[in-house]
Amino acid sequence: MKKIIFILIIFILSSVCIEAVSLPHWNKYKEMNILYILETSERVNFFAVRYNSFDKFIKVCLIDENISVVSSSKNKKLKPLKDIFFETEYDKRIPVAKTEIEKIFNNKIKFDRYILFDDKFLNKLVTIFSDKKNLRENTEMLSIIYSDNDRYNADIASIKILNGIYGNINRWNIISLLKSFYNKDFVLRTNFGLKDLLLSYASILNENKTFKYADVPVINKRNTLRVDTVGVEKIINFLLYDKYNYDNEKLRIEILNTTGKSRLAIKAADKLRENGFDVFDWGSGTRKYNFTVIFDFADNYGNAAEIKKILNCGEVIFKPEEREYTDISVQLGNDCVIYDKLDRTIYK
């Protein structure tokens with residue numbers, strides 16, 4: 001399971017208190033940077049979230065556990081974040097992870113809150129909120145993908161689980177979740193007080209915030225995964241500021257069909273063109289995606305979100321990479337369903 005579920009703990013836990021008018025508003029925290037950690041027996045997933053009471057988005061940043069950094073330990077060796085985490089004494093893992101990840105962000109993003117939990121607690125979360133069919137299906141898909149160690153498919157499945165839970169919260173399943181905190185079968189560690197957790201969700205609901213996702217860019221250098229320093233600066237700007245481009249005429253879009261569905265890329269291209277987008281390239285992708293992902297290389301969030309709406313599928317991830325001919329890459333997955341006149345003729 002990937003990092004995106006970590007954000008659940010913050011935004012799930014306060015429906016119980018929505019009607020408690022005597023409680024202070026969470027906006028007393030004007031902004032917070034929160035580090036989420038999911039620890040399993042074989043891997044650890046990191047996730048950076050920024051909440052700003054004046055921003056319409058909750059910024060969510062994926063951090064690859066295999067990024068190699070110069071460890072803060074005495075030997076100063078280059079090691080993956082995952083190895084550094086597991087080689088550290090249990091009680092010291094959170095501050096060490098916090099230090100290493102802040103270094104990735106050039107210490108411009110400091111984490112004042114953290115949440116760490118294990119996969120058993122994640123399963124508990126999903127169980128409580130799995131009355132929706134699509135949520136159950138995405139959860140099953142996530143477990144399959146995660147066992148295959150497929151990062152992006154797992155990330156998108158996690159996003160869909162997050163969206164499903166976040167969109168279907170009510171006071172009754174919140175109560176069930178709160179009761180589960182007393183269960184000792186799983187790990188949950190955080191420096192959030194319970195009141196803060198409860199207030200956060202009510203506050204965010206009232207502000208009608210939505211999630212916006214990004215990914216720390218990496219480069220493969222001498223068989224190690226290193227942070228792309230130029231791209232990281234763009235990620236920092238993504239987290240701290242809101243600046244979007246909306247120029248359709250200059251937007252370069254590619255569409256890749258990663259499924260076995262016939263003519264899916266050209267059908268998606270035609271649909272986007274009907275809505276004013278210029279698709280310069282389409283074809284088959286080399287990597288298979290279970291869910292459609294829309295990679296935004298140039299921080300064109302407004303246009304990428306519009307593409308998602310038109311295709312009625314996909315999740316947008318800002319991934320700052322230098323692409324000579326591509327601003328947005330639409331990787332069509334199995335969740336993309338488009339019919340055209342030829343389909344109706346064939347299946348008539």
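Between the side chain of Arg226 and the backbone N or O of Lys221 there is no donor-acceptor pair closer than 3.5 Å. Judged purely by atom type and a 3.5 angstrom limit, Thr259 uses its side chain to pair as donor or acceptor with the backbone of Lys261. In this structure, the side chain of Asn300 does not engage the main chain of Asn303 through any donor-acceptor pair within 3.5 Å. Of the possible donor and acceptor atoms, none in the side chain of Asp112 sits under 3.5 Å from a partner among the backbone N and O of Met32. In this structure a side-chain-to-backbone donor-acceptor pair under 3.5 Å is missing from Arg287 to Thr258. Put simply, the side chain of Ser68 never gets that close to the backbone of Leu78: no donor and acceptor are under 3.5 Å apart. Between the side chain of Asp118 and the backbone N or O of Val187, at least one donor-acceptor pair lies under 3.5 Å. In terms of modelled atom types and a separation under 3.5 Å, the side chain of Asn52 and the main chain of Glu31 share no donor-acceptor contact.
Ion pairing between Lys92 and Glu89 holds under the 4.0 Å rule for side-chain N and carboxylate O. Between Lys212 and Asp299, at least one side-chain N (NZ, or NE/NH1/NH2) sits under 4.0 Å from a carboxylate O, which counts as a salt bridge.
Residues Thr292 and Asp335 bring a donor and an acceptor atom of their side chains to less than 3.5 Å of each other. With hydrogens and angles left out, the side-chain atoms of Asn45 and Glu39 include no donor and acceptor closer than 3.5 Å.
The distance from atom CG of Leu116 to atom CG of Leu188, rounded to the nearest 0.5 Å, is 8.0 Å. Here the CG-CG distance, from Leu332 to Leu264, works out to 4.5 Å after rounding to the nearest 0.5 Å. In this structure, CD in Gln331 is found 12.0 Å from SG in Cys336, a value given to the nearest 0.5 Å. Here the OH atom belonging to Tyr241 is positioned 12.5 Å from the CG atom belonging to Asp55, to the nearest 0.5 angstrom.
In this structure, Arg252 forms no cation-pi arrangement with Phe280, as its terminal cationic atom is not both closer than 6.0 Å to the ring centre and no more than 45° off the ring axis. With a 6.0 Å cutoff to the six-membered ring centre and a 45° limit on the axis angle, Lys98 does not count as a cation-pi contact of Phe111. A cation-pi arrangement, defined by a distance under 6.0 Å to the six-membered ring centre and an angle within 45 degrees of its axis, is present between Arg189 and Tyr90. Both cation-pi conditions hold for Lys59 and Phe238: the charged atom is under 6.0 angstrom from the six-membered ring centre and inside a 45 degree cone around its axis.
Summarising the local packing, NZ of Lys288 is surrounded by more than 12 heavy atoms from other residues, nucleotides or ligands at distances under 6.0 Å.
Between Phe117 and Tyr36, the gap from one ring centroid to the other reaches at least 6.0 Å.
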**OP:** Please assess Asn33 against Arg50 for the test side-chain hydrogen bond (donor to acceptor under 3.5 Å, both in side chains), listing each intermediate value before the final yes or no.
**Re:** CA-CA 5 Å; Asn33 298 321; Arg50 180 171 174 82; 2.9 Å; yes

